[in-house]
2 protein chains.
Amino acid sequence: MSSIRVPRKRPDSYQHGDLRPALIQAGLKLLTEGGTRGLSLRAAAQLAGVSHAAPYRHFRDKDALVEAIAEEGFRLLTRRMREEIEAAGSGDLLVRLRASAWGYVSFAIENPGYFRTIFGGVPCEDGAAPRSPALQEAGAEAYGVLRGLVAEGLQRGRLRHGDPEQMSLAAWSMVHGLSMLLIEGQLGPASARGAAARALTDATIRFLEQGLRA
Amino acid sequence: MSSIRVPRKRPDSYQHGDLRPALIQAGLKLLTEGGTRGLSLRAAAQLAGVSHAAPYRHFRDKDALVEAIAEEGFRLLTRRMREEIEAAGSGDLLVRLRASAWGYVSFAIENPGYFRTIFGGVPCEDGAAPRSPALQEAGAEAYGVLRGLVAEGLQRGRLRHGDPEQMSLAAWSMVHGLSMLLIEGQLGPASARGAAARALTDATIRFLEQGLRA
DNA sequence: CCTACCGATCGGTAGG
DNA sequence: CCTACCGATCGGTAGG
């Protein structure tokens, strides 16, 4: 057996000031591979190549790390939706709505660790979820993408009259439910792969479109 | 301090042959209160009033207990949906579809512990979910309720022509997504309470109905 | 940012 | 079904 201490020249180049993002990445990896049970500050520290006491300089406790991961995840989800919408061009609003739906679902499939953490990773306690203001805002921004599309559709008369909040919630529920069923394997492992998932998303969202369109 | 040992006449009356269901109840309580992190075979044993080695006579390991809880949850979910459908009478199919949706959502709200366990409690690992045949069947039965209503609607010409599988999935996605958003507090704590949730469910499901009805 | 240490809890097994 | 025990891991702190 060689020496027990691994170091020599830490995994990448933390140590300086970039330990925080490194811990987030490590935590995400642990979360993805082993679920909430697989995540611990100690393991994250080890993955990042620092002592198990180091993380406490960046995160008050384990929940704080999970929250940081969730916040990052929300931002990435928002970005993905916007990218898909942009890629769909400035054409028909229903097409853009469909694009945003695919952005949502594809993000979930490709980033199940982030996705699960965002939606109920930590505050699964019984009572009210004690989400931080920053996390709440990140979530509101993601929801705002859908909300914005609906508002635009109503304004342009592309969607039938109705409560925009209810319409947005209907869309959100649908893509969220589909995402969860896909990543949890409820629809079979094959369904979660790219092309199949895309087809399922399109087919599913079209039923909702019929209910929303003018 | 009185004696350390609590017993005298165990909590209820396990010991004989009803330890298994008692452990399931205990596990559910732990799961509900503290999430996956809060569940341990030892804690469940303590809640049930037995030694921490006793559970191993009924469950191979921790995952086996979680799976048993999920199976029980699926059965209760199925029952709840059927009850709501029955309560809605033999009237219009869309009314019954709506009733089943409320059965689904209300079960989730009232039994978040069961609901979370059913959908991704354990097998959150990265790869394929290793769900037991019994668990898969329990899940298929719950899905079958929705599936049956859709089939009936198509047969009676109450729903527009379409792939029954896709239509069922659309309905499932919607109620599932709404349930998850509600119990994880994404819609605010107030929304998850009875009347408010019912209104949200009805409003949401109606948009889908427009897309499904003939 | 590290080493060293604390108490607590865990899954699991031995052995009866 | 119990007591007693194992090694491992955890969150967190002291103290530097």
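All heavy atoms count here, side chains included; hydrogens, waters and symmetry mates do not. Because the structure is predicted, anything quoted here is derived from the model rather than measured.
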If you write DNA chain C from 5' to 3' in dot-bracket form, with Watson-Crick or G-U pairs under 3.5 Å, [ ] for crossing pairs and | for pairs with another strand, what do you get? ||||||||||||||||
To the nearest angstrom, how far is [X] atom [atom1] from [N] atom [atom2]?
X	N	atom1	atom2	answer
His58(B)	dG11(C)	NE2	C1'	18 Å
Leu65(B)	dC10(C)	CG	C1'	15 Å
Gln46(B)	dC10(C)	CD	C1'	13 Å

For Arg75(B), check side chain to side chain contact (heavy atoms under 4.5 Å, CB included) against everything at least two apart and list the hits. Glu71(B)
Of all residues at least two apart in sequence or in a different chain, which pass the side chain to side chain contact (heavy atoms under 4.5 Å, CB included) check with Arg42(A)? Ser40(A), His52(A)
Nearest to the side chain of Ser51(B), which nucleotide is it out of dC2(C), dC10(D), dC2(D)? dC2(D)
Asp202(A): partners by salt bridge (charged side-chain N to carboxylate O under 4.0 Å, His left out), with sequence neighbours left out: Arg198(A)
Donor-acceptor pair, Thr204(A) side chain versus Thr201(A) backbone, under 3.5 Å? no
Hey, which of Arg82(B), Glu83(B), Met81(B) is the one that makes side-chain contact (heavy atoms from CB on, under 4.5 Å) with Arg79(B)? Glu83(B)
Going by ring-ring contact (aromatic ring centres under 6.0 Å, His included), name the pairs with one or both residues in residues 59-79 of chain A, residues two or more places apart or in two chains. Phe74(A)-Phe119(A)
Just checking, is any N or O donor in the side chain of Thr78(A) or Glu141(A) under 3.5 Å from an acceptor N or O on the other one? no
Side-chain donor-acceptor contact under 3.5 Å, Thr36(B) with Arg37(A): no
Using a cut-off of less than 4.0 Å, is there contact between a side-chain N or O of Ser40(B) and OP1 or OP2 of dC10(C)? yes
Review item, nucleotides 12-16 of chain D N/O atoms under 3.5 Å of protein N/O:
| from | atom 1 | to | atom 2 | distance (Å) |
| --- | --- | --- | --- | --- |
| dG12(D) | O6 | Arg42(A) | NH1 | 3.3 |
| dG12(D) | O6 | His52(A) | NE2 | 2.7 |

